[in-house]
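For reference, the structure is listed below as structure tokens.
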Protein chains: 2
Amino acid sequence: MSAERPRSPSINDVAELANVSYQTVSRVLNNHPNVKASTRAKVQAAIDQLGYSPNSAARTLVTGRSRILGVITLDVDNVDGLPPMYGIERRARDHGYFVSTATLDRVTRASMRAAVDQLAEQRVAGMVVIVPTEAASDAMASLPPGLPLVLIEGEPGRGIATAAVDQQAGARRATEHLLELGHETVFHVRGLSDWMQTQDRISGWRGALAAAGREAPMPLAGDWTARSGYEAGLMLARIPELTAVFAGNDDMALGILLALSERGLRVPEDVSVVGFDDGTAPGYYNPPLTTVRQDFTTVGRRAIEMLLEQIAHGTRYEERFVSEPELIVRKSTAPVRAQRR
Amino acid sequence: MSAERPRSPSINDVAELANVSYQTVSRVLNNHPNVKASTRAKVQAAIDQLGYSPNSAARTLVTGRSRILGVITLDVDNVDGLPPMYGIERRARDHGYFVSTATLDRVTRASMRAAVDQLAEQRVAGMVVIVPTEAASDAMASLPPGLPLVLIEGEPGRGIATAAVDQQAGARRATEHLLELGHETVFHVRGLSDWMQTQDRISGWRGALAAAGREAPMPLAGDWTARSGYEAGLMLARIPELTAVFAGNDDMALGILLALSERGLRVPEDVSVVGFDDGTAPGYYNPPLTTVRQDFTTVGRRAIEMLLEQIAHGTRYEERFVSEPELIVRKSTAPVRAQRR
DNA sequence: AGAAGAGTTGTGAACGACCACAATGCTGTT
DNA sequence: AACAGCATTGTGGTCGTTCACAACTCTTCT
């Protein structure tokens, strides 16, 4: 029953049909200049007729370079797919590269190692790592040292190139915005504690409060989900002096919005809420959410550019791209009003 | 400046170090039974010492099989990354396969063709296509005919295996739910018109209305985004007899919720709203959204299983997996009340 | 006309692994 | 002691492509 699918046509089949040597076909394939136009046409015709497509494995084998970009990323329930957000595949393809993905369900040294091995086996030309936890940056140490590498949203330093949004600046702007509206202090619901973004947003928020001479209350612990935001929101609703919340991301802000509403607190009249991320939805929360917009597109583009430069250069090197996030003011924030209860 | 990164160690380097032939190393690599335990250990030690990792390109070349699964999917702004949702990479890896992705920014015959060529070049062992538009199913015709293939959320038939959620059943349940609550009729905001889901959800909704002897109003046109839902919501709010809406997805439902609220209509007291998809957020909309939950996990698992069966079998064949969605009743739906205005 | 030189095409080797088969070592039986 | 038979290891060929170099074919100039 198991039919042998015939191997696809090779460069030799094309050569035979076109009555030239395999090398000439190879030259046509690689756009070498010194091929007579008529020969080129003849070969092209044979290629089309056979439906020939070059075998990238053979090519990789002989050249030692693979035109595959490896992507290591998370595959966890709480979080959306990261690589599509950054448009990684599209950009790679524009430069003639394939993308092979390795995902992590947990971020441990062992799982990082497994992902790296998986990509190493494919002799990828370079790697993009989108694993925004501190553990990931450590694990980078185990990588083949010369291999081109860019970390998206990872810790800068250690000779590794990074492309990231300035999380601290974003969190600072969000907090300042609330302070400018006259809020005495700003409460914070943080994301998963081992994420880079969580730490950076906390310090941006702390920094803004400190600069205004306010004390930072203890952040509430969330896990990026709306559910955790909801629970934090129920907690916050018990605090009489609550007037402003900075949520670690928009999903949690959504949960907070619901919890406050259930507890009879109006946003923004009683409490102002700011989120972080901004996709297509937050502008249509009820009320539309003031949030910090991250420019994933630019980060993705620069990351790929940096990686390709390293590949062209034949070596890894440190470089740092930082994108400035933008505060998007919508209806979930307003000046404090005198008294709340 | 351009340092030549040395090639990684090959099977020969390992053989030399371990004082055996390369074939013995190969046997160790592939777990052949007839290798003396002491030899195996010696080889393994050499492998570890050199940090050797097999070259998948060489392996592919000689065996003719590639252990790469190709994924063709969309890369458009309105839509989240699809493959992570289905857990494609994780499952593939569990079975020893790599995943290479090709994305489409527009679904045209040409772009499909380009994606297919890209994967063909890598001699993928099989393909998963997650492009839920009708055009995609057509374009499948251009694929190498024997190549194992599974369509996720694609049109069944034509000898192609498919794994999908029963969209019609989901839409029917959603609509029946509203009718059971006493609503006279149910308005619908559809998604992008060329998507399979859009058509199926429309016919499920129509079917339920017809079965109840109601006439289906004309669906409003959305594009899956909250923004388009918001605009449709503003339109719906002008209709005096509006009491129930079935939104094509949750994002649009979010926009509808906001629009209705801005127009002074309460959900669910004045209008009931049902969505479709169910991720982590809709349970925390205000009010929490009644919606239809799709089991992406099972669909993804079955899709990969089907694909691997085809690969083992050495041929493509038709098979059909349908997952039954589940209505999740939350607070956005309630029985009609006598009079609205 | 002949030679230099550019343009064009062909040949042999190599990349790293697996497969089929051959060769060797070891065990046990008669 | 010799041989069958199994376990273990080694050898040559191959996959499809590129690279380095050799060889051939035209021009063009002297």
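Throughout, protein chains are lettered first and strands after them, A, B, ... in sequence-line order, and every chain is numbered starting at 1. What you are looking at is a predicted structure, and each value in this text was computed from that prediction instead of being measured.
- Whole-Å rounding puts the A:Glu16 CD to D:dG16 C1' distance at 15 Å.
- Regarding B:Leu61, its CG atom lies at a distance of 12 Å from the P atom of C:dA17, rounded to whole Å.
- Listed for the A:Asn30 side chain is no donor-acceptor partner under 3.5 Å among the backbone atoms of A:Arg27.
- Contact check for B:Glu319 versus B:Glu305: no side-chain heavy atoms found under the 4.5 Å cut-off.
- For D:dT17, neither phosphate oxygen OP1 nor OP2 lies less than 4.0 angstrom from any side-chain nitrogen or oxygen of A:Ser26.
- Rounded to whole angstrom, the span from the CZ atom of B:Arg27 across to the C1' atom of D:dA7 amounts to 11 Å.
- OP1 and OP2 of D:dT8 both lie 4.0 Å or more from every side-chain N or O belonging to B:Thr39.
- Using a 4.0 Å heavy-atom criterion, one finds that A:Arg40 contacts no nucleic acid atom at all.
- Contact between B:Val107 and B:Thr133 at its shortest, heavy atoms only, is CG1-OG1, 3.4 Å.
- Checking B:Gln23 against B:Ala58, the closest nucleotide of DNA chain C that is more toward the 5' end is the one next to B:Ala58.
- In this model, the phosphate group of C:dC18 is approached by a side-chain N or O of B:Asn30 to a distance below 4.0 Å at OP1 or OP2.
- Heavy-atom distances to DNA chain C give each of B:Val25 and A:Val35 a nearest nucleotide, and the one nearer the 5′ end belongs to A:Val35.
- Considering only side-chain N and O atoms, B:Tyr22 lies nowhere under 4.0 angstrom from the phosphate OP1 or OP2 of D:dG13.
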